[in-house]
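Heads up: the structure comes next, in structure tokens.
In this chain, numbering begins with 1 at the start of the sequence shown. These values consider heavy atoms only, across backbone and side chains, with no hydrogens, waters or symmetry-generated copies.
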Amino acid sequence: MCASNLVSSVCKKIIKPYFPTPTSLRCHKFSYLDQMVGGIYVPFAFFYPKLSNTWSDKPSNVISEHLENSLSKVLSHYYPFAGKLNENISVDCNDRGVEFFTTKIDCPMAKILKDPYSDKEDLVYPKGIPCTYSYEGSLAVVQLSYFNCGGIAVSACLTHKVGDGYTIANFIRDWATIARNPSSKIQSPQFNAASIYPPTKDMVNLPEIVPKGEECSSKSFAFSLSKLAALKSMVINNSVVQNPTATEIVSAFIYQRAMATKKKTSGSICPSVLVQAMNLRPPLPKTLMGNIGSFFSVITTEEKEMDLPRVVGKLREAKQEVRKKYKHDKTDEFLPMTIELFREANDSFFNNSCYDIYRFSSINKFPFYDIDFGWGKPEKVSLASNGPVKNMFVLIDNKSRDGMEVVSCMKEQDTSALERDEELLKFTSPSN
């Protein structure tokens, strides 16, 4: 059966902020970094196969109203998501609201969870929204999906233009907090990043960091606790880095194996760059919302540089170098430092077709597996199957928090080559 035929009904509502946004906050100015980021809709889905006894016998409209009411309340705090874009300048926080879809999916949830990152999984998202850059609707789009087994999925797609992964994680966490306890006091987010990264009127000379989309496929690779420990031991025994993080190890390992499989097909090593996104909270406040980040990178041009401990060492060195630049309280210097970093990268590899670029973003340690709307924590947290760009890798905790999952987005032939790589398969299990 075609996946789309599993959807039997769709209902749409508009959810507005519970309290009107004050006139003084109606214009949310974009920061320099907000202006540089494309308005891609970042998708997350939370699967709840069995609701708690408190909720299991309640009709579907009660569950829907519960989510709608709490969403309305959290939008009063995250008001830019309920507004409208004013080109690449600002958000008109006019409280027009966000789209809320409810749908019924005529299959058991297990059918999707056993076949992740397929077209069936995308049924839990608003159609056509995940990873799109060109949606004309609301800046946040939510969908509640009911499965015929009694389980539900809650998905949210929020535009990257208003905030990064940290912003989106806080939004969903605070939404769930209010849903569990409507009287909860959440820490008010700050939307004043433009005071630190003032916007520019000249968009012509900004470095382009959002590449054009290509036809790609997604695949998930799971690293267990024991396999992570084995990789860590390998690095420690052959590197000056004695405390490598799971993110450093996994990013370096996936990068190394992607280059190795590419070498097998091309006959020689292709000059490559590992680009790792980095959060700047701290030193900037944790409550600061928007695109508050930078990146560090590792360039590999020779085969001897592909050694895993060496890649981890270079990754740590690059991270520390960038951290040193931001390790002070002079926030007025953050903008020129960031501009210089992007321009150097632009000149070195973003605009250089000689390099294969592998982009890594880690949401490891984010509270996604704690998202409890009142009926328990999710069995599974996932992204959509249609990734945003070629050679993009997102690292996320597994449910037990002792391992890691990597969701890859690569060209079909590159994905097939990677999932057959014998060295990779010693340490990870690809999804079915």
Side-chain angles (χ1 to χ4, degrees), residues 116-117 211-223 227-228 230-232 234-235 239 244-277 295-316 318-319 345 348-350 352-364 383 385-396 403-431:
Y117 303 102
K212 294 180 180 179
E214 297 184 49
E215 192 67 32
C216 296
S217 64
S218 289
K219 199 76 175 180
S220 171
F221 297 90
F223 289 82
K227 296 301 184 181
L228 285 177
L231 282 171
K232 184 174 183 178
M234 183 189 304
V235 171
S239 170
T245 66
T247 294
E248 289 172 337
I249 294 169
V250 171
S251 296
F253 183 61
I254 292 289
Y255 174 64
Q256 179 209 43
R257 300 322 307 162
M259 284 191 296
T261 54
K262 196 73 175 287
K263 178 178 176 291
K264 287 181 181 179
T265 57
S266 63
S268 61
I269 182 174
C270 179
S272 303
V273 185
L274 187 167
V275 180
Q276 179 79 56
F295 66 90
F296 51 95
S297 59
V298 168
I299 297 178
T300 306
T301 58
E302 300 179 25
E303 187 167 355
K304 65 181 181 180
E305 297 174 325
M306 290 172 57
D307 175 71
L308 179 62
R310 184 166 181 171
V311 175
V312 172
K314 291 175 68 176
L315 200 58
R316 171 63 66 86
K319 178 169 67 174
S348 297
F349 49 80
F350 279 139
N352 192 334
S353 60
C354 296
Y355 288 98
D356 278 345
I357 299 178
Y358 297 88
R359 295 170 172 84
F360 287 80
S361 181
S362 176
I363 51 176
N364 186 36
L383 307 171
S385 67
N386 58 327
V389 64
K390 181 184 74 171
N391 295 343
M392 178 76 191
F393 304 87
V394 180
L395 283 57
I396 185 172
M404 186 178 290
E405 180 184 12
V406 178
V407 181
S408 68
C409 178
M410 306 174 74
K411 285 188 173 182
E412 184 68 46
Q413 62 267 31
D414 294 333
T415 297
S416 297
L418 186 62
E419 65 181 341
R420 293 194 306 268
D421 180 64
E422 294 181 1
E423 187 65 21
L424 180 74
L425 294 176
K426 291 178 183 179
F427 297 95
T428 185
S429 304
S431 59

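- A heavy-atom distance below 4.5 Å is not found between the side chains of Asp414 and Thr261.
- Tested against Glu303 for a salt bridge (Lys or Arg N to Asp or Glu O under 4.0 Å), the candidates Arg310, Lys263, Lys262 yield a single pass: Lys263.
- Annotation: side chain of Asn391 is not in contact with side chain of Ile357 (no heavy-atom distance under 4.5 Å).
- Taking Phe393 as the reference, Phe360 meet the ring-ring contact (aromatic ring centres under 6.0 Å, His included) condition, with sequence neighbours excluded.
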Verify side chain to side chain contact (heavy atoms under 4.5 Å, CB included) between Leu308 and Met234, making sure each step is shown before the conclusion.
CA-CA 8 Å; Leu308 179 62; Met234 183 189 304; 4.0 Å; yes
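- Nearest heavy atom pair, residue Cys270 against residue Asp356, reads SG-OD2, 3.3 Å.
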Start with the C-alpha gap between Phe427 and Leu228, add the side-chain angles, then the distance that decides, and say whether side chain to side chain contact (heavy atoms under 4.5 Å, CB included) holds.
CA-CA 8 Å; Phe427 297 95; Leu228 285 177; over 6 Å; no
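- Under the 3.5 Å distance criterion, with hydrogens and angles disregarded, no donor-acceptor pair is assigned to the side chains of Thr300 and Ser272.
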How far apart are the C-alpha atoms of Arg257 and Leu418, what are their side-chain angles, what is the distance that settles it, and do they pass the side chain to side chain contact (heavy atoms under 4.5 Å, CB included) test?
CA-CA 7 Å; Arg257 300 322 307 162; Leu418 186 62; 4.0 Å; yes
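- Side-chain atoms of Ser361 and Met392, non-hydrogen and from C-beta on, do get closer than 4.5 Å to each other.
- Here Ser239 contributes atom OG and Asp307 contributes atom CG; the two are 9.0 Å apart, rounded to the nearest 0.5 Å.
- Between Val250 and Phe221 the shortest side-chain heavy-atom distance does not fall below 4.5 Å.
- Between Gln276 and Ser297, the side chains place no donor N or O within less than 3.5 Å of an acceptor N or O (distance only, hydrogens not considered).
- Not counting sequence neighbours, Phe296 has no partner by the ring-ring contact (aromatic ring centres under 6.0 Å, His included) test.
- Counting heavy atoms from C-beta on, the side chains of Glu302 and Ile269 never come closer than 4.5 Å.
- Side chains of Lys426 and Lys227 form no contact here, defined as non-hydrogen atoms less than 4.5 Å apart.
- Taking all atoms of both residues into account, the shortest heavy-atom contact from Ala252 to Val311 is CB-CG1, 3.5 Å.
- A donor-acceptor distance shorter than 3.5 angstrom exists from the side chain of Lys314 to the backbone of Ile299, with no hydrogens or angles considered.
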Let's go through Cys216 and Met410 carefully: what are the C-alpha distance in whole Å and the side-chain angles of both, what is the deciding distance for side chain to side chain contact (heavy atoms under 4.5 Å, CB included) to 0.1 Å, and is it a yes or a no?
CA-CA 5 Å; Cys216 296; Met410 306 174 74; 5.9 Å; no
